[in-house]
Every structure is written in structure tokens, then in C-alpha cells.
Amino acid sequence: MAGKNIDKIPEPTLRRLPWYLSNVKLMRERGETYVSSTQISKQINIDASQIAKDLSYVAITGRTRVGYNIDLLIQVLEDFLGFTCIHRAYLFGVGSLGGALLRDTGLRQFGLEIVGAFDINPELVGTEINGIPIFHTDEAEQRVKENGVNIGVLTVPINIAQEVTDRMVEAGMKAIWNFTPFRIRVPENIVVQNTSLYAHLAVMFNRLNEMIK
């Protein structure tokens with residue numbers, strides 16, 4: 001049902017598809033059974049033609065003057081984006097942000113399950129957060145190989161971001177979700193998704209300042 005190869009989809013489209021999914025889920029909760037790209041456009045302020053183009057990458061077609069069946073659209077998008085398959089991950093760095101992610105029960109509904117965490121703080125090692133065990137970082141390579149986990153979530157301080165990244169790659173991580181503001185360096189065969197809260201803050205502050213001048 002996933003349709004076209006996800007690797008061929010432009011990244012901006014991949015970033016927008018979850019917005020469409022969340023929106024149509026809300027519409028289903030309100031009792032809607034069909035939705036058009038125009039209706040989605042009115043909700044999230046993205047041009048309807050762009051929405052239709054984005055949805056053309058997945059295996060679903062709408063009915064003229066009716067739109068897309070909401071149940072089918074949700075099913076197709078969740079499958080296409082990989083949200084229906086659980087991907088296990090290890091988290092590295094149990095600080096304030098790392099701890100918050102361990103407590104976030106919503107990640108699993110989007111296909112990500114953090115099954116363990118690593119840190120060097122003796123007060124944390126051997127404890128659990130939200131039922132998720134915290135191990136010493138020195139155990140990472142052994143546990144990654146034993147459990148076949150290949151996704152790492154990076155939430156360490158910036159001064160050790162590259163060092164920990166290198167250890168993650170050596171341990172066998174194939175994908176890294178980087179929450180630090182440091183642009184980590186990895187081999188070409190490693191997938192990296194950078195999600196810097198600070199970078200997004202900078203953009204927001206800059207646009208806000210322009211508006212209030």
C-alpha cells in the first residue's frame with residue numbers, strides 16, 4: 001500500500017505529510033468521512049495544489065468533488081511514513097531533554113519505541129525512567145549488538161556530541177536523531193536527522209523581531 005519508493009520523495013514533502021495525517025485524524029474525530037485537499041488547505045494554510053501534489057506520492061486517489069476517504073487516507077499515510085511499524089531506539093544522554101523524551105508516551109504512536117538509554121551519571125545508571133532502563137555508556141556497543149537496535153537518539157551536551165556520535169556509529173547505529181545544535185559528522189551510510197530546538201528558536205525570534213519593529 002505504500003506505493004512509490006519513499007527515497008524518491010522530496011524531503012519537504014516528507015515533512016508535510018505528518019501534518020496532513022494529524023489534521024485528517026482530527027477531522028475523523030469530528031465525524032468526517034471524506035476530506036479534500038482544499039479542506040486540508042484551509043486548516044493548515046498550505047496551498048491545496050501543493051497538498052494534492054504531495055499526496056500523489058502515496059498510493060491513494062480521491063473522488064471528484066468528494067475527496068479522499070479519511071480512514072483509507074490515514075491508513076495509507078501511516079503505512080507510508082512507517083508509523084505502523086515499531087522501530088526500536090536507544091537514547092544517549094539522559095539530561096533534561098533526554099529525560100523528557102523517555103517520558104514521552106506519544107512517540108510510540110508514530111512508530112518509535114525507546115527501549116533503553118545510556119549515560120555516565122552514576123546517579124542515573126541502573127535506574128529507570130518511565131520503565132525504560134538506563135545503562136552506562138560503556139555498555140552501548142554490547143547491548144546494540146545483542147538487541148539489534150540500529151536507531152540512536154542523541155541528546156548529550158554539545159561538547160561531547162561528536163565523541164558520542166562516533167561511539168554510536170562504532171556500536172552499529174544506522175540512523176541518528178540528533179537533538180543537539182552540533183552538526184555531527186558521520187559516514188555516508190548513516191542516516192542523520194537534525195532536530196535542533198535552538199535553531200528553531202532562532203528562526204522564531206528573528207521573525208518575531210521583524211514583525212514588531
Side-chain angles (χ1 to χ4, degrees), residues 1-30 32-63 66-91 97-98 100-116 130 132 147-155 168 173-179 184 186 188-197 199-200:
M1 185 174 291
K4 301 179 183 178
N5 191 331
I6 199 167
D7 291 334
K8 297 180 180 180
I9 298 180
E11 185 170 327
T13 294
L14 279 174
R15 291 178 181 273
R16 287 189 292 265
L17 290 178
W19 286 91
Y20 306 156
L21 176 60
S22 297
N23 183 259
V24 295
K25 280 186 173 181
L26 288 174
M27 297 187 74
R28 182 171 66 178
E29 289 179 5
R30 295 197 294 264
E32 302 289 343
T33 55
Y34 282 88
V35 61
S36 67
S37 54
T38 301
Q39 289 174 299
I40 299 174
S41 174
K42 291 178 180 178
Q43 297 292 325
I44 59 177
N45 199 30
I46 295 177
D47 190 79
S49 61
Q50 180 64 65
I51 294 172
K53 181 179 180 181
D54 290 341
L55 292 178
S56 71
Y57 285 100
V58 301
I60 188 169
T61 54
R63 293 172 55 186
V66 177
Y68 306 95
N69 178 283
I70 284 185
D71 287 336
L72 181 59
L73 180 56
I74 290 173
Q75 180 183 348
V76 168
L77 284 174
E78 286 185 332
D79 180 57
F80 189 79
L81 292 168
F83 292 166
T84 56
C85 178
I86 297 299
H87 304 267
R88 297 185 302 154
Y90 279 134
L91 181 137
L97 177 56
L101 289 175
L102 294 181
R103 294 181 179 90
D104 185 353
T105 58
L107 287 174
R108 202 176 194 282
Q109 67 177 307
F110 292 101
L112 185 72
E113 180 181 13
I114 299 177
V115 296
N130 196 28
I132 300 171
N147 299 309
V149 176
N150 58 16
I151 298 176
V153 182
L154 185 64
T155 52
M168 293 168 75
M173 291 296 170
K174 300 302 181 184
I176 299 175
W177 191 7
N178 175 30
F179 278 87
I184 55 176
V186 298
E188 291 184 359
N189 63 328
I190 305 297
V191 177
V192 173
Q193 178 60 52
N194 295 299
T195 306
S196 173
L197 303 180
H200 294 162

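Note that the structure is predicted; figures quoted are calculated from it, not measured.
- For the atom pair OG1 of Thr38 and CD1 of Ile51, the computed distance is 8.0 Å after rounding to the nearest 0.5 Å.
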- Worked verdict on Ile190 versus Met173 for side chain to side chain contact (heavy atoms under 4.5 Å, CB included): CA-CA 8 Å; Ile190 305 297; Met173 291 296 170; 5.9 Å; no
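- Residue Asp104 comes nearest to Gly106 through the heavy atom pair OD1-N, 2.8 Å, listed as atom of the first residue, atom of the second, then distance.
- Contact of the Tyr20 side chain with the Ile46 side chain is registered, since non-hydrogen atoms from C-beta on lie closer than 4.5 Å.
- Here the shortest heavy-atom pairing between Met168 and Leu154 reads SD-CD1, 3.8 Å.
- Under the 3.5 Å distance criterion, the side-chain polar atoms of Asn130 are left unmatched by any main-chain donor or acceptor of Ile132.
- The shortest heavy-atom contact between Gln39 and Tyr34 is OE1-O, 3.9 Å.
- Residues Arg28 and Asp71 are in side-chain contact: their nearest non-hydrogen atoms beyond the backbone lie under 4.5 Å apart.
- In this structure, CD1 on Ile151 lies 12.0 Å from CD on Gln193, to the nearest 0.5 angstrom.
- Using a 4.5 Å heavy-atom cutoff, the side chains of Ser49 and Lys53 are not in contact.
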- Task: Begin from the C-alpha positions of Leu21 and Phe83 and carry the test side chain to side chain contact (heavy atoms under 4.5 Å, CB included) through to its verdict.
- Result: CA-CA 11 Å; Leu21 176 60; Phe83 292 166; 3.6 Å; yes
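- Considering only heavy atoms from C-beta on, Asn147 stays 4.5 Å or farther from Val115 through its side chain.
- Between the side chains of Asp54 and Gln50, at least one donor-acceptor pair of N or O atoms lies under 3.5 Å.
- You'll find the side chain of Thr33 stays beyond 4.5 Å of the side chain of Ile70, heavy atoms only.
- Of all the heavy atoms in Ile114 and Leu101, the pair that sits closest is CD1-O, 4.2 Å.
- Contact of the Phe80 side chain with the Ile9 side chain is registered, since non-hydrogen atoms from C-beta on lie closer than 4.5 Å.
- A salt bridge is absent between Lys25 and Glu29; no separation between the charged side-chain nitrogens and carboxylate oxygens falls under 4.0 Å.
- Atom OG1 of Thr84 and atom CD1 of Ile74 lie 13.0 Å apart (nearest 0.5 Å).
- Taken from CH2 in Trp19 to CD1 in Ile40, the straight-line distance is 13.5 Å, to the nearest 0.5 Å.
- In this structure, the side chains of Trp177 and Leu112 come closer than 4.5 Å at one or more pairs of heavy atoms.
- Counting heavy atoms from C-beta outward, Asn23 and Met27 have side chains that approach closer than 4.5 Å.
- With Ser41 contributing its side chain and Ser37 its backbone, the two residues share no donor-acceptor pair below 3.5 Å.
- Here the shortest heavy-atom pairing between Gly98 and Thr155 reads CA-OG1, 3.6 Å.
- To the nearest 0.5 angstrom, Ile176 atom CD1 is 4.5 Å from Ile184 atom CD1.
- Put simply, CG on Asp79 and SG on Cys85 are 9.5 Å apart, with the number rounded to the nearest 0.5 Å.
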